[in-house]
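The structure appears below as structure tokens.
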Amino acid sequence: MIPVARPCFGLEEEAAVLDVLRSGWVAQGPTTEVFEREFSAAIGVPHAVAVSSCTTALHLAMVAAGVGSKDEVILPSFTFPATANAVLYQGATPVLVDIDPATLNLSVDRVAAAISRQTKAIIAVHLFGFPCEIAKLRELCDAHGLYLIEDAACAVGTVIEGRPAGSFGDLACFSLHARKIVTCGEGGLLTTPRDNFAELLRSLRSHGTDRAADTRHAEGLAPAPAHHVRVGYNYRLSDVHSAIAREQLRKLTAFVAERREIAHEYDEAFRDLEGLRRPPRRDGVVHSYQSYVVVLERGTPIEPGPFRDGLARSGVSTRIGTYAVHEEPYWRDRADSLDLPQSAEAAERSVALPMFNGLTATDRGRVIEAVRSLWKGSPELTL
Ligand SMILES: Cc1ncc(COP(=O)(O)O)c(C=O)c1O
């Protein structure tokens with residue numbers, strides 16, 4: 001079976017893990033500090049703070065932005081539910097808006113229409129590695145005094161007019177989960193241009209202590225006791241994870257180049273399949289293709305369910321693109337019903353095809369042949 005995603009680890013990651021294990025320091029420590037510096041340089045933002053996942057990064061972004069129970073936060077419905085849950089953790093109200101079907105990202109017009117006196121922040125999701133209209137959202141936030149938080153879970157390696165995704169927001173949140181381009185199994189990071197946010201985030205991720213890092217031991221002195229000055233969490237990333245993520249980050253340029261090559265091959269092969277909407281492209285944008293997601297338009301020769309089953313029978317794994325949060329049972333049972341047709345349609349009709357570093361030419365060919373055969377009613381299977 002060709003998996004939909006597969007992490008791409010080499011001897012470098014193995015050696016880096018061994019080094020950390022042998023060093024005797026496996027909790028968050030010096031390797032994580034180095035990783036943070038390297039990650040902030042890659043994004044072009046002064047600070048990066050490593051945490052245990054993008055979900056915990058989004059939670060801390062809410063805390064840092066001061067989002068509380070009287071506040072609203074605007075985000076797209078078509079996203080992984082973690083984006084909305086982070087708002088709920090703070091007792092605030094997620095205001096779900098619809099997406100632009102051409103990009104599957106949040107619609108700027110819908111965001112503008114949803115701004116109220118209670119709005120505190122906008123979470124701009126760069127879904128599947130294709131950037132949302134982040135410059136326009138930045139302008140909107142500046143005009144209304146709102147925080148811009150980028151959910152860049154899928155967007156390491158995404159570039160917009162020469163600027164990396166994650167460098168536009170007051171805060172940006174990244175994922176190191178196994179399905180992401182740079183991975184260490186589970187993990188995440190926040191980036192921010194603001195010194196005060198970085199200091200606060202370092203305290204919040206580590207039980208609310210009043211010091212980011214104790215340097216006394218490095219000077220041969222006894223460590224200073226930490227004091228707990230706020231309610232904090234244990235959202236730290238271990239040095240074992242950071243060691244793997246560092247090696248992965250070094251490969252980012254090559255990883256994105258390979259993914260773009262695979263996407264190009266798929267795009268060309270599916271060009272004549274009417275009703276199979278390929279991922280968006282835009283001049284001036286580097287799509288990192290964390291996922292390669294197609295949408296089966298209504299009236300196409302085959303519906304999404306049988307399409308995915310047919311691919312599975314041909315040995316090709318798929319997943320849905322992602323969820324329409326407003327249609328998930330938790331949401332439906334608790335909130336007024338919302339009419340967000342584009343999000344609902346995308347959740348129902350989007351399919352992620354295999355996309356990962358190391359996807360061989362043979363397996364790319366098998367994916368292409370299986371998709372084309374199902375679309376054309378199978379005659380090519382006999383060719
Ligand atoms: C858009 C988006 N936001 C947040 C997350 C949560 O990331 P993590 O699994 O690192 O918590 C995901 C995970 O897939 C995601 O796709």
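Counting starts at 1 for both ligands and their atoms, following the listed order.
- Comment: E247 engages R250 in a salt bridge, judged by a side-chain N to carboxylate O separation of less than 4.0 angstrom.
- Judged by the shortest distance from any of its heavy atoms, R179 lies outside the 4.0 Å radius around the atoms of ligand 1.
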Problem - Intermediate values then yes/no, ring-ring contact (aromatic ring centres under 6.0 Å, His included), Y235 and Y233 - result: CA-CA 6 Å; Y235 284 173; Y233 308 88; 4.8 Å; yes
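- Nearest protein neighbour of atom 10 (O) of ligand 1, counting heavy atoms only, is S175 OG, 2.7 Å.
- Those atoms of ligand 1 with a heavy atom of S53 less than 4.0 angstrom away are 10 (O), 11 (O).
- At a heavy-atom distance under 4.0 Å, only side-chain atoms of D151, from C-beta outward, approach ligand 1.
- Linking ILVMFWY residues whenever their side-chain heavy atoms come closer than 4.5 Å, directly or via other members, places V351 and I302 in the same cluster.
- If you number the atoms of ligand 1 from 1 as listed, the ones under 4.0 Å from a heavy atom of T79 come out as 1 (C).
- Taking the ring axis of F39 as reference, the NZ or CZ atom of R37 does not stay both within 45° of it and closer than 6.0 Å to the ring centre.
- Ion pairing between E13 and R246 fails under the 4.0 Å rule for side-chain N and carboxylate O.
- When heavy-atom distances to ligand 1 are checked against a 4.0 Å cut-off, C54 comes that close through both its backbone and its side chain.
- The protein heavy atom nearest to atom 11 (O) of ligand 1 is T55 OG1, 2.5 Å.
- Residue L189 holds its CG atom at 4.5 Å from CZ of F35, rounded to the nearest 0.5 Å.
- Residue contacts with ligand 1 do not include G188, since none of its heavy atoms lies under 4.0 Å from the ligand.
- Residue V125 approaches ligand 1 through these ligand atoms, each under 4.0 Å from one of its heavy atoms: 1 (C).
- When the heavy atoms of F80, F174, Y323, F128 are ranked by distance to atom 15 (C) of ligand 1, first place goes to F80.
- In this structure, R260 forms no cation-pi arrangement with Y289, as its terminal cationic atom is not both closer than 6.0 Å to the ring centre and no more than 45° off the ring axis.
- A salt bridge is defined here as a Lys NZ or Arg NE, NH1 or NH2 lying under 4.0 Å from an Asp or Glu carboxylate O, and E36 with R205 meets this definition.
- Among protein heavy atoms, atom 13 (C) of ligand 1 sits closest to K180 NZ, 3.3 Å.
- With salt bridges taken as basic N to acidic carboxylate O contacts below 4.0 Å, one links D272 and R372.
- The residue among H126, Q290, H177 with a heavy atom at the shortest distance from atom 9 (O) of ligand 1 is H177.
- Each of the atoms 3 (N) of ligand 1 lies under 4.0 Å from some heavy atom of T83.
- Against a heavy-atom cut-off of under 4.0 Å, C154 is close to the following atoms of ligand 1: 16 (O).
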